[in-house]
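When reading the values below, keep in mind they use all heavy atoms of this one structure, side chains included, and skip hydrogens, waters and symmetry mates.
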Amino acid sequence: MPATLPDGDPVPADGTLPRSALTGLGERPFAFYVHVPFCVTRCGYCDFNTYTATELGPGASRDSYADTAVAEVRMARRVLGDADLPVRTVFVGGGTPTLLPTGDLGRILKAIDAEFGLAPDAEVTTEANPETVDRAYLDGLREAGFTRVSYGMQSAREHVLRVLERTHTPGRVPQVVEWTRQAGFAHVNLDLIYGTPGESDDDWRASLEAALACGPDHVSAYALIVEEGTRLAAQVRRGELAAPDDDAMADRYLMAERMLSDHGLTWYEISNWAASPDAACHHNLLYWTGADWWGVGPGAHSHVGGTRWWNVKHPAAYAARLAQGTTPAHAREVLDDEDRRIERIMLELRLADGCPADLLDGAGARRAVADGLLERAPYEEDGRAVLTLRGRLLADAVVRDLT
């Protein structure tokens, strides 16, 4: 089951935000994240806040979820007042959002548009499991206003997918990408995972080749993390599967960088490559650059003006709160200046543009340049800290040294 929610300060029943959060509201970009917490089965490596039908229990269902999400969108409008907040991006994640009918996803999107207004060039993304969509479904998504689809491909090798407990077959991905293009989507992302127990270098190379053969304009490649409380963690602990190897992970990342770059995809964030600036995931870029966003759904996190809060986890508890007209927020925290500085370093340093060098510990930054972890020219000429390729491999350690 998913990890427990963090502690924090209590949230007023009506969701009112501190005055500091509302200062400058509308001057920063604004976005929505919509969490759809349903899955047919739970993958062994996943610790996201998701529920199968047998885990839902009474008080929550897929059929009523869109109405509940719309109620939170309307609450967001009341809490944020009448500030002009055109929505730059909407990202629907999960779980498996495409278990909901396109009409339900479209209704949530229409509510966001009605309450806040979508920016004329708004990016609207949904995640999708390749097994849950067909050409008619994708036509429905496009008609509802979605502009981008992100598929959980993970691997092109069946034995790797079995270890991850993914239900789709490798051959399904090229078909759904073709349907997605035919439906009129300009932007398609494929998510890959490397470092799965039993995956070889050849397996990873084959996955990259298969992904590139589909012609996506965006690829995300993530190192497998064995999260406590998952079935995968239990298998590793019992010795049934080997733990991911750090050296192999580094080799796989270097292979991804080389192959994706050779095919015209450029890294813009440590785990993300895009064919052009337009193809980048602008929703995630807003996260990484300190924008405001409202997270709709059980367990969803939000951030407005330095105040961050997170909703109750279970869909039944979430629905009950909104039915009573009270906030679904479980707790919140107000970040102080030092918290915000450290978060800015942690997030912006992952980007190809880097972060301002004056945010960093000066001695640590100079040491990182000398050690080949930060690019010398941007640091000395532009006052920016930009990770080298070696620095990307050691990003977490670099961040610790620079803060």
Side-chain angles (χ1 to χ4, degrees), residues 5-6 8-36 65-93 105-125 145 282-313 317-337 339-340 343-344 347:
L5 288 170
D9 298 325
V11 180
D14 63 359
T16 300
L17 292 174
R19 183 173 307 216
S20 61
L22 302 178
T23 301
L25 189 63
E27 297 173 7
R28 300 176 295 271
F30 183 63
F32 265 91
Y33 170 74
V34 179
H35 186 66
V36 178
Y65 186 71
D67 290 335
T68 307
V70 166
E72 188 178 0
V73 172
R74 291 172 179 159
M75 176 173 283
R77 180 74 277 182
R78 294 195 298 273
V79 169
L80 297 175
D82 58 2
D84 184 22
L85 293 171
V87 177
R88 303 279 189 89
T89 66
V90 179
F91 193 102
V92 183
L105 295 178
R107 220 151 29 91
I108 298 169
L109 186 58
K110 283 181 181 177
I112 293 171
D113 191 22
E115 296 294 338
F116 291 89
L118 291 170
D121 58 348
E123 174 192 88
V124 183
T125 303
H282 294 278
H283 183 85
N284 285 343
L285 282 168
L286 293 186
Y287 287 158
W288 296 322
T289 54
D292 292 339
W293 77 87
W294 191 290
V296 170
H301 287 231
S302 303
H303 169 267
V304 174
T307 294
R308 183 165 51 210
W309 67 96
W310 43 96
N311 287 347
V312 293
K313 282 178 49 179
Y318 170 75
R321 295 272 192 105
L322 285 161
Q324 296 163 6
T326 60
T327 177
H330 170 77
R332 74 184 184 195
E333 61 181 341
V334 179
L335 305 177
D336 62 25
D337 288 345
D339 292 333
R340 297 178 81 169
E343 282 209 353
R344 189 174 174 191
L347 295 172

Nearest atoms (heavy-atom pairs only) where [X] meets [Y]:
| X | Y | result |
| --- | --- | --- |
| A300 | H35 | CB-CB, 4.3 Å |
| P18 | T307 | CG-OG1, 3.7 Å |
| P12 | R332 | CD-NH1, 3.6 Å |
| N311 | G295 | ND2-O, 3.6 Å |
| A69 | I108 | CB-CD1, 3.9 Å |
| L285 | T289 | O-OG1, 2.6 Å |

Kindly list each side-chain donor-acceptor pair under 3.5 angstrom involving residues 321-331, sequence neighbours excluded, with atom names and distances?
unit_1 : atom_1 : unit_2 : atom_2 : d
R321   : NH1    : T327   : O      : 3.1
R321   : NH1    : A329   : O      : 3.1
T326   : OG1    : R321   : O      : 3.0
T327   : OG1    : A329   : N      : 3.0

Run the side-chain contact (heavy atoms from CB on, under 4.5 Å) test against [X] and tell me which residues pass, sequence neighbours left out.
| X | result |
| --- | --- |
| N284 | C281, Y287, W288 |
| V79 | L17, M75, W294 |
| A31 | T89, H283, L286, W293 |
| H301 | W310 |

| request: With sequence neighbours left out, write down each residue that passes salt bridge (Lys or Arg N to Asp or Glu O under 4.0 Å) with R107, or none if nothing qualifies. | output: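 Partners of R107 under the salt bridge (Lys or Arg N to Asp or Glu O under 4.0 Å) test: D67, D104.
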
| task | For R308, check salt bridge (Lys or Arg N to Asp or Glu O under 4.0 Å) against everything at least two apart and list the hits. | result |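 Here the qualifying residues are E333, E343.
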
| field | For Y65, ring-ring contact (aromatic ring centres under 6.0 Å, His included) partners two or more places apart | value |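 ring-ring contact (aromatic ring centres under 6.0 Å, His included) check on Y65 returns F38.
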
| Quick one: salt bridge (Lys or Arg N to Asp or Glu O under 4.0 Å) pairs with a partner in residues 75-88, sequence neighbours left out? |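 Qualifying pairs: none.
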
| Could you give all pairs that pass the side-chain hydrogen bond (donor to acceptor under 3.5 Å, both in side chains) test and reach residues 9-31, with sequence neighbours left out? |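 Of all non-adjacent pairs touching residues 9-31, those that pass side-chain hydrogen bond (donor to acceptor under 3.5 Å, both in side chains) are D14-T16, R28-D292.
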
| request: Start with the C-alpha distance between W309 and V304, add both sets of side-chain angles, then the distance that settles side chain to side chain contact (heavy atoms under 4.5 Å, CB included), and finish with yes or no. | output: CA-CA 9 Å; W309 67 96; V304 174; 3.7 Å; yes

| V70 side chain near V296 side chain, heavy-atom distance below 4.5 Å |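 SC-SC contact between V70 and V296 ruled out.
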
| request: Report, as yes or no, whether the 6.0 Å neighbourhood of atom CG on D336 holds more than 12 heavy atoms from other residues, nucleotides or ligands. | output: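 Yes.
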
| message | Rounded to the nearest 0.5 Å, what separates atom CG in L118 from atom CZ in F32? | response |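 With rounding to 0.5 Å, CG (L118) is 9.5 Å from CZ (F32).
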
| To the nearest 0.5 Å, what is the distance between OH (Y318) and NZ (K313)? |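 If I round to the nearest 0.5 Å, the distance is 16.0 Å.
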
| task | Applying side-chain hydrogen bond (donor to acceptor under 3.5 Å, both in side chains), name anything that partners R344, two or more places apart in sequence or on another chain. | result |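 Testing R344 for side-chain hydrogen bond (donor to acceptor under 3.5 Å, both in side chains), a comparison that skips the adjacent residues, returns E348.
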
